[in-house]
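Throughout, protein chains are lettered first and strands after them, A, B, ... in sequence-line order, and every chain is numbered starting at 1. Values below: every heavy atom of this structure, side chains too, minus hydrogens, waters and symmetry copies.
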Amino acid sequence: MTTHLLDKGYEPREVEKRWYAYWEEQKLFSAEEKSDRKSYSIVIPPPNVTGVLHMGHALNNVLQDVLCRYRRTRGDNVLWMPGTDHAGIATQNVVEKHLASEGKDRHQLGRERFIETVWEWRKKYGGAIINQLKRLGASCDWDRERFTMDEGLSRAVRKVFVDLYNQGLIYQGHYIINWCVRCHTALADLEVEHEELDGHLYYILYPFPNGEGGVTVATTRPETMLGDTAVAIHPEDDRYAGLAAEAVILPLMEKEIPIIRDPYVDTSFGTGGLKVTPAHDPNDFEIGNRHGLPAVKVIGDDGSMTEAAGRFAGLERFECRKAVVDALEAAGLLRKIEDHPHGVGHCYRCNTVVEPNLSEQWFVKAKPLADKAADAVRKGETKIVPEVWEATYFDWLDNIRDWCISRQIWWGHQIPAWTCGGCDEMTVAMETPAVCPKCGSSDLVQETDVLDTWFSSALWPFSTMGWPDETDLLKTFYPTSVLVTAFDILFFWVARMMMMGIHFMGKIPFEDVYIHAIVRDEDGKKMSKSKGNVIDPLSVMDRYGTDAFRFTLAAFAAQGRDIKMSEQRVEGYRHFINKLWNAARFSLMNMEDAAPTEADLSAARLSLPDRWILSRLHGVMKTDAGALDAYRFNEAASALYQFIWHEFCDWYLEAVKPTLYEEKGAAEKATTLFVLWRTLKDALILLHPFIPFVTEEIWHKLPGVEGSIMTARFPADDPSQPALREDPEAEAHMALVMDVITGIRNIRGEMNIAPSVSLAATVQSPNEAKRKLLAAYRDLIVNLARLSEFEVAPPGDQPPSAAAAVIEDAALFVSLEGIIDFDKEIQRLEKETGKLQKELKGIAKKLSNEDFLDKAPEAVIQKTRDRHESLSEKQQKLQENLNRIRAMVA
RNA sequence: GGGCGGAUAGCUCAGUUGGGAGAGCAUCGGCCUUACAAGCCGAGGGUCACAGGUUCAAGCCCUGUUCCGCCUACCA
C-alpha cells in the first residue's frame, strides 16, 4: 500500500487497465471444477467472432458481470463461461468481402484453402470482441474460452447430428426453402426478416386453349409465371361452376397447363384464380404435391432465370419481372395492376430479397424436441423472467415447423454424411468411414453442406463444458443458473438450447432465463449502422469511464422496457462515480494508516448518526440483495445511488465532521471512524458488482482490508464482522432531526438568507420526550442548520420577528430580527397553508364518507384519521403565525 | 391476419398483492461552507393518453377508443 490518500479527481483509464490485469493475474475469475461451495454458472451468449462490441453486448455482459460478481461476494463458486460463435454466413461474408478487395473470390481458392483463410482471419481479428469484453470489465473465466468451431465443440456437434439422425429426428429431403441468392445458401424460416413493401398485384389472363376467354390470376411476382404448372380454383367457386375447359395456355411459354380444383384457394382474393408455381412458392409446392404437378425451377440459385424460363433465360429475376410484364402487356393479357403492399422476406445477414426455392436440404424434426422444451417451462423447471415472455416462447414452440439446418456455404461444421459412389448408400457417422458399409466401395463423397450456426450454439451450455464426456465441469455447473439474453434470440437460441439440452442432457440447460431490453438510440430507434445512430460503447467508456457506463446500463435495465441510451445519462452517472470517489477521499483523509480499531456497535456507544447510517446500510444491503436475486438491476442500482449520495454523503458525512475534527473527544472520534470505515467498506462491496474498477481502486487505499475486493464477502455473510441490524429508533430520531434541519434550511432558502449568516432558532413542543430528544441532538442541529442559538421549550410566547414552520406537533421559529421581510414571510406561509388546505379537504371528505368508514380496513381508517389530525394541527399553527405577522404589518 | 408492450413532471423513465404521485436530468433562487462547482442548500412543475365501468377507494383491476413501438403469419 502506498499512500492512503486519493488524488483529487478519479481518472478511470489507468485504473481500469491496472486492475483488470491484476484480476487476470490473480486468477480471480477462475471457477473450481469441484468445490464444496454452492455453484453458480452462466454461459455467455457467444458473440460473433467477426463482431465488434455494440450496446446490446455491453448491456448483456454488464448484467451478467453484475450477477457473477455479486454471487462471488456471496461466497459462490462462480463459472462464467466465455466464448465466441463462428457465425457461418456472417463470417464467410466478411472474409469474402475481404478477398474481393484483393480481387479474389473463394472459388479461386477452393474450399480447403478458403477455410484456412477464414481461420487465419479469425486468428488475426477474432480476438477483438473478447478484448472489448475485457475492457467492459467482464469477469469471465477466460482460461476456459470456447469457440463453436473448436475441436471439442465440433465433436459435440457431430455426436448430436449422428444421434438425431439415428433417432429419426434428422432427415434429408427435397423441399421449398428460403434461398438467399447473394449468400447462395438456404436459410431457416427464422432467418428471414419480413418487411412490408409497396408492391403490385398483377392480373394476368391465362386464355383457354380454344381462344375463347380464360382464367385471370393475380400475382405479386409475375416472373414466377414462367414456372407455372397449373391454375387452381376453389372446387365450390360459383364463378367457375360451369367451366368446361380443363386447361389454359400459359402465356409467354405458350404451353398448356391444367386447371385444378383445390380448397386452398381463397375465393375472396382477386379473381379466385390462382397460378401454381410449385418450384417457387411453399403453398404451391404443397398443392403441386397433392395434385402430382411437376415443379419447374425458373429462377436459379444465383437469382437469374434458368434455361427453363425460355426466352427470359439469363435475365436477373427483377429484370425478368419487368420483361414479363412488358411482354404480357404487349400480348394484351395484362388485365390490370393494383398497388399492393405486402411482406417481403429478406436475408437476415445481407438483406437481399429471399427467394422461395426448391432444393435438397437437411431438416430437424422439431416437434418432439419442442414439446419437451415447452413443458419444462410450463412445469416451472425453467423460469422465464419477466414472465410475459413465456407466452411468446410457447407460441413459437407450439407452432414450430421443421428446422432447415443445411447451409450451402463452406465455413461451418460439414455435415457428417457420406454417399457411396458405388451403391448410393448414405452413411452418417462420427468418424469418417473408409469404405461403404454396404458395398465396401471406398468411393465415398462427403455431403458438402455445412450446418446452421445455430445448430452448434444450441449445444453451447453443455458442449462448452466438455460434453459428450462426463466431465467434472458438467457435474458441477450444469444446469446453469441463469441465461441472460435479449428477446431477439429467444427463438434462434434460447428455445433451441432448451430443446437440445433436455434431449441430450436429460436436464434443462438453465434454471432461469432473464430477458433484458434492447438498447435503442435516444429517439427509441433500433441502433443500426445504416441509420448512423449507433453509439459506440468503447467511445463512451473512453469519455466517461467504464464504471459510469456500467452503472448507467444497470440503472436503465428495468424489466420490460427498452433502453434509450443517451450520453447525457452516462455523464450523470460519471458524477456519481466522482461523488463516491470524493466521499472515499474525505473518509480516508480522516483515517490513520491502520484500520480503525473495532468498536462496540451496540447502540449505547454510538452517536445518532452512527446508529442511523449503520441501520441504513443494513437497509440498502437488504434492498440490493433482494433486487439482484430477482433480476431487478435498476432497483439495486438506484438504492445504492440513493444511499451513497443522499444518505452517506449528504447527511452522514456532514453530520460527523465535527466528531472527526475531534471536537467531541478522542473516544468519540475513534468510534465514528470505525463506523465510517465499516460503512465505506461494506458500501464498496455492495457497489463492486456494478462499478468494479473504482471500488477496487478505493479498496486498496482502505486500511484494514486485504487482497482484492473481489474476494471480499457480502456484509451479511461476513462472519468476521459484527452483524448489521435494523435500528428503527435511530431512524425515527434521525428523521425528526432531519425534519427540523430541513425546516430551518427551507426558511433560509425561501428568505434568501446566505449560508454564512448564523441564525437563532426555537422549537416549541408540548411533548416532553421530544423536547429531550431535540435537546440531546442540539449540536447536530446547530451544526447542520448553521445556527448561532437553538432553544427547545414548551409551547409559549412566539418570538416577534420570526419565520415559522411546523414539524409534527412542534412549532419551529427562526428568528429574523432585523432581516425579516414580512411580505415574503406572509407569502411563504400562505403558500404553505394553501397546500395544506387542499390536502385536508380531500382527507376530510374521505372521513365524512360513511361507506369509507364502513368498508375500509380499520388500519387504513386510523391512518387517515391520524393524518388528518396532524395536518390540521399543523395548519392551525401556521395560521396562527400568519395572523401574527399580518397583525404586525398592519 | 394474429399477438405483445408502451402512453405518468419540460426530457428520460421508476412505481410487484388497489389506500398519502416518485427519481435522474433540465429549469428557477441562494452559496467558492477546508471531500467533491463533476459540488452544496432550497424551490417550482403532473386531470398518471381518452371514454366508460368495478370499488368506500383506481396510475394500478375490467371494457372500449386513439396514437406509438415490436413480434409473428404460406392469401397469391
Contacts of A:T267 that satisfy side-chain contact (heavy atoms from CB on, under 4.5 Å) - sequence neighbours left out | A:H234, A:D237, A:R239

How would you label the contact of A:E571 with the nucleic acid (heavy atoms, under 4.0 Å): base, sugar-phosphate, or nothing?
-> nothing

Across all chains, not counting sequence neighbours, the side-chain contact (heavy atoms from CB on, under 4.5 Å) partners of A:E338 are A:L201, A:Y203, A:K336

Secondary structure string for RNA chain B (Watson-Crick or G-U under 3.5 angstrom, | for other-strand pairs) | (((((((..((((.....[..)))).(((((.......))))).....(((((..]....))))))))))))....

A:F586 six-ring face occupied by A:K657 cation (under 6.0 Å, within 45°) | yes

Counting only pairs under 3.5 Å, give me each side-chain donor-acceptor contact of residues 277-290 of chain A, with atom names and distances, residues two or more places apart or in other chains.
from, atom 1, to, atom 2, distance (Å)
A:T277, OG1, A:D228, OD1, 2.6
A:T277, OG1, A:K275, NZ, 3.0
A:H280, ND1, A:P356, O, 3.4
A:H280, NE2, A:V298, N, 2.9
A:H280, NE2, A:I299, N, 3.1
A:D281, OD1, A:N283, N, 2.8
A:D281, OD1, A:D284, N, 3.1
A:N283, ND2, A:Y264, OH, 3.1
A:D284, OD2, A:T277, N, 2.7
A:R290, NE, A:D262, OD2, 3.0
A:R290, NH2, A:D262, OD1, 3.1
A:R290, NH2, A:D262, OD2, 3.4

Can you list the residues that meet the ring pair (Phe, Tyr, Trp, His ring centres under 6.0 Å) rule with A:F643, with sequence neighbours excluded?
-> none

Could you write out each protein N or O paired with an N or O of nucleotides 43-47 of chain B at a distance under 3.5 Å?
from, atom 1, to, atom 2, distance (Å)
B:A43, OP1, A:N746, ND2, 3.0
B:G44, OP1, A:K835, NZ, 3.3

Can you give me every donor-acceptor pair (side chain of residues 850-866 of chain A, partner residue at least two apart or in another chain, under 3.5 Å) with its distance?
from, atom 1, to, atom 2, distance (Å)
A:Q862, NE2, A:D866, OD1, 3.0
A:T864, OG1, A:V860, O, 2.6

Which of residues 394-403 of chain A have a heavy atom under 4.0 Å from RNA chain B?
-> A:R401

Between A:D189 and A:D281, who's closer to the 5' end of RNA chain B by nearest nucleotide?
-> A:D189

So, with a heavy-atom separation below 4.0 Å from RNA chain B, the residues of residues 847-854 of chain A are A:N849, A:D851, A:F852

Identify all pairs in which a protein N or O lies below 3.5 Å from an N or O of nucleotides 58-62 of chain B, and state each distance.
none

Answer with base, sugar-phosphate or nothing: what part of the nucleic acid does A:V265 contact at a heavy-atom distance below 4.0 Å?
-> base

Scoring nucleotides 21-35 of chain B by protein non-hydrogen atoms under 4.0 Å (B base, S sugar-phosphate only, - none) yields ---SS---S-S-B-B

So the salt bridge (charged side-chain N to carboxylate O under 4.0 Å, His left out) pairs with at least one residue in residues 638-648 of chain A (sequence neighbours excluded) are A:R616-A:E647

Just call it for A:S638: base, sugar-phosphate, or nothing, with non-hydrogen atoms closer than 4.0 Å on any strand.
-> nothing

Just checking A:P857: base, sugar-phosphate only, or nothing, at a heavy-atom cut-off of under 4.0 Å?
-> base

